[in-house]
2 protein chains.
Amino acid sequence: MCESAIDAVHPRFSKKPASFYKGFKIALVQMKVGADKAQNIETAVREIHKAKSQGAHIVALPECFNSPYGTSFKIALVQMKVGADKAQNIETAVREIHKAKSQGAHIVALPECFNSPYGTKWFPEYAEEVRVSGTVPERCGGALYNTCTVWDGSGKLLAQHRKMHLFDIDIPDKITFRESEVLSAGDQITTFEYQGVKIGVGICYDLRFSEMAHLMAKQGCSVLIYPAAFNMTTGPKHWELLAKARANDEQLWVALVSPARDTEAGYVAWGHSTLVDPWANVVAKLDEKPGTLLADVDLSIVEEVRSQIPVRVQRRTDVYDTVLKTKC
Amino acid sequence: MCESAIDAVHPRFSKKPASFYKGFKIALVQMKVGADKAQNIETAVREIHKAKSQGAHIVALPECFNSPYGTSFKIALVQMKVGADKAQNIETAVREIHKAKSQGAHIVALPECFNSPYGTKWFPEYAEEVRVSGTVPERCGGALYNTCTVWDGSGKLLAQHRKMHLFDIDIPDKITFRESEVLSAGDQITTFEYQGVKIGVGICYDLRFSEMAHLMAKQGCSVLIYPAAFNMTTGPKHWELLAKARANDEQLWVALVSPARDTEAGYVAWGHSTLVDPWANVVAKLDEKPGTLLADVDLSIVEEVRSQIPVRVQRRTDVYDTVLKTKC
């Protein structure tokens, strides 16, 4: 990715005579690369001068010396409390986004329906025609969707995912819910690129459908992010299991971001926003209270597990395959 | 299934005049149905006579009054110690099968390579041309397979599964293994019927491939059985997670049966034979020592979870699908 940075000090650009190389001195700068780009460049320049003063003829900097993004980025999962006051919900989201950014977050994920109480009766009232970042009930003509939008730092819309699998379940005496009473379903698999890293987006119930995750992985995703609002029945049963199952089967990072638990709400969210690495280790997890999970996503682990347990190339696509029927 | 048993005492077989029914007495026999068929019939006959002596005109017995198989059967997972002595291995297997049967087991599953130490160097020596029950290295012409056969009580071969995904992994300093150095892979998905219940078979590394499990579920399986030999690295990492992931995603029972741990062996098995229900609950599990797990498989739970969280009918097959390319 960052070859040009290396090429600038690569021997093939040297024009010295052959005799020069008989006793040439090379400096390999094994520098610490952090999230602060200016700091990275400052370190590199300082080390180049230092090496030169010590007699180095060639100075080589590491791959991606100015950026940690190639192998790692910081993600923030905002587990905020969502109430009936829409303006307050948005204010909370904006405040948490700024806070996460000031703490070094490169990607900030908000929970499912961060602007609206979760419940089919609320969705028409809270629906937005102008989309805002995160997951909200979206109004489009006569239809409502449960929609996650992804924005870059300059305000450009990178992606928009409409929940593809509506949450219609009926566990007697525990939880009955029918999103389909009010919502329409999306029909697209959604991915976007961030600094060359492909990231897939699903919403809550989408998480139960392994084929969708598999197709996002097949399209090159190293990270899947699911804004979600599991409840007090499905949360303890399947929340962490599903995150680990997707991470392990597809060998990628999985982030689930939930609203905080509000026991006074009509729909009580499980909370427990969770980040799982490609070995299926839970690397960070919140409890049920409001909070923001801020953690590094190290993409070198994706390559590590995929090379060590190479299921991706061992799949028997001569016998079976998962196919996408629509155009993304 | 057992309609004929009910029909025998069903009113539509009665030829009495209409007046008869004005004051007729019906007896509904809510009897306990167990694994002992003779005992079930004895109970039914006793209750019929009792009801008749109390004036019943019609006696109705429950569905499947003679058999528990329709909703439940007993499975035995034999976690035996496998050593270098082939005759001893087979003797152990036969003894455990008889023991499990005497304890009421309807299905007995043996571990992967129960007749041979697990290791590519052993497979040619231990390979069988005549197949025996369970999973063994199979010789077929010049090729060797890792094969599981399924036999009914009368000695009829019900199914034969050749491991479809060969175990080739390389986790540095932990576990490196290449089954493909010696073995060939099967190319069929394998299911069989037991008393009207469809059961799928996979072997060990097959468990990592969700599409294979999904296709077995699509073919109607309510239970998947995987003879397997995870090791001391992949066992603690992924053994239970994979069992729960398959059970939860496909909403069926999953049984994993491992050899017992032998720390002197070249390949040290994880053990922990496990039975997971369709809610992803671990209902029974062994430790690493030799033992047999004997437990009821209640098929009504399959229907329960599939009706309450109906992901099977909510899959968006208009957007994606998992397809089988070969004929089973």
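Note that these values count all heavy atoms, side chains included, but never hydrogens, waters or copies made by symmetry. Throughout, protein chains are lettered first and strands after them, A, B, ... in sequence-line order, and every chain is numbered starting at 1. Quick caveat: nothing in here was measured; it's all calculated off a predicted structure.
- Taking the six-membered ring where the residue is Trp, the centroids of B/Tyr267 and B/Phe177 are separated by under 6.0 Å.
- Proximity to chain A (any heavy atom under 4.5 Å) is shown, for B/Ile309, by both the backbone and the side chain.
- Put simply, of A/His238, A/Arg208, A/Lys174, the one with the most heavy-atom pairs under 4.5 Å next to chain B is A/His238.
- A donor-acceptor contact shorter than 3.5 Å links the side chain of B/Asn231 to the backbone of B/Thr233.
- The part of B/Lys237 that comes within reach of chain A is its side chain, from C-beta onward, which places non-hydrogen atoms under 4.5 angstrom from that chain.
- Heavy atoms of A/Ile175 lying under 4.5 Å from chain B are absent altogether.
- Heavy-atom distances place the side chain of A/Leu215, and not its backbone, under 4.5 Å from chain B.
- Relative orientation of the B/Phe167 and B/Tyr205 rings is perpendicular, given thresholds of 30° and 60° on the angle between their planes.
- Judged by distance alone, the side chains of A/Glu138 and A/Asn146 never bring a donor and an acceptor atom under 3.5 Å apart.
- Within the structure, salt bridge (Lys or Arg N to Asp or Glu O under 4.0 Å) contacts touching residues 216-233 of chain A (residues at least two apart or in different chains) are A/Lys218-A/Asp321.
- Listed options B/Met164, B/Arg246, B/Glu304 were ranked by heavy-atom pairs under 4.5 angstrom with chain A; first place goes to B/Met164.
- Considering only heavy-atom pairs separated by less than 4.5 Å from chain A, the leading option among B/Asn281, B/Leu166, B/Asp170 is B/Asp170.
- Among B/Thr234, B/Val305, B/Thr317, the residue making the largest number of heavy-atom pairs under 4.5 Å with chain A is B/Thr317.
- Ranked by heavy-atom pairs under 4.5 Å with chain B, the list A/Gln308, A/Met212, A/His165 is led by A/Gln308.
- Under the 3.5 Å distance criterion, the side-chain polar atoms of A/Trp239 are left unmatched by any main-chain donor or acceptor of A/Trp270.
- Heavy-atom distances place both the backbone and the side chain of A/Asp168 under 4.5 Å from chain B.
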Next item on the list: Start with the C-alpha distance between B/Glu179 and B/Lys163, add both sets of side-chain angles, then the distance that settles salt bridge (Lys or Arg N to Asp or Glu O under 4.0 Å), and finish with yes or no.
Entry: CA-CA 10 Å; B/Glu179 272 190 330; B/Lys163 192 174 191 171; 3.0 Å; yes
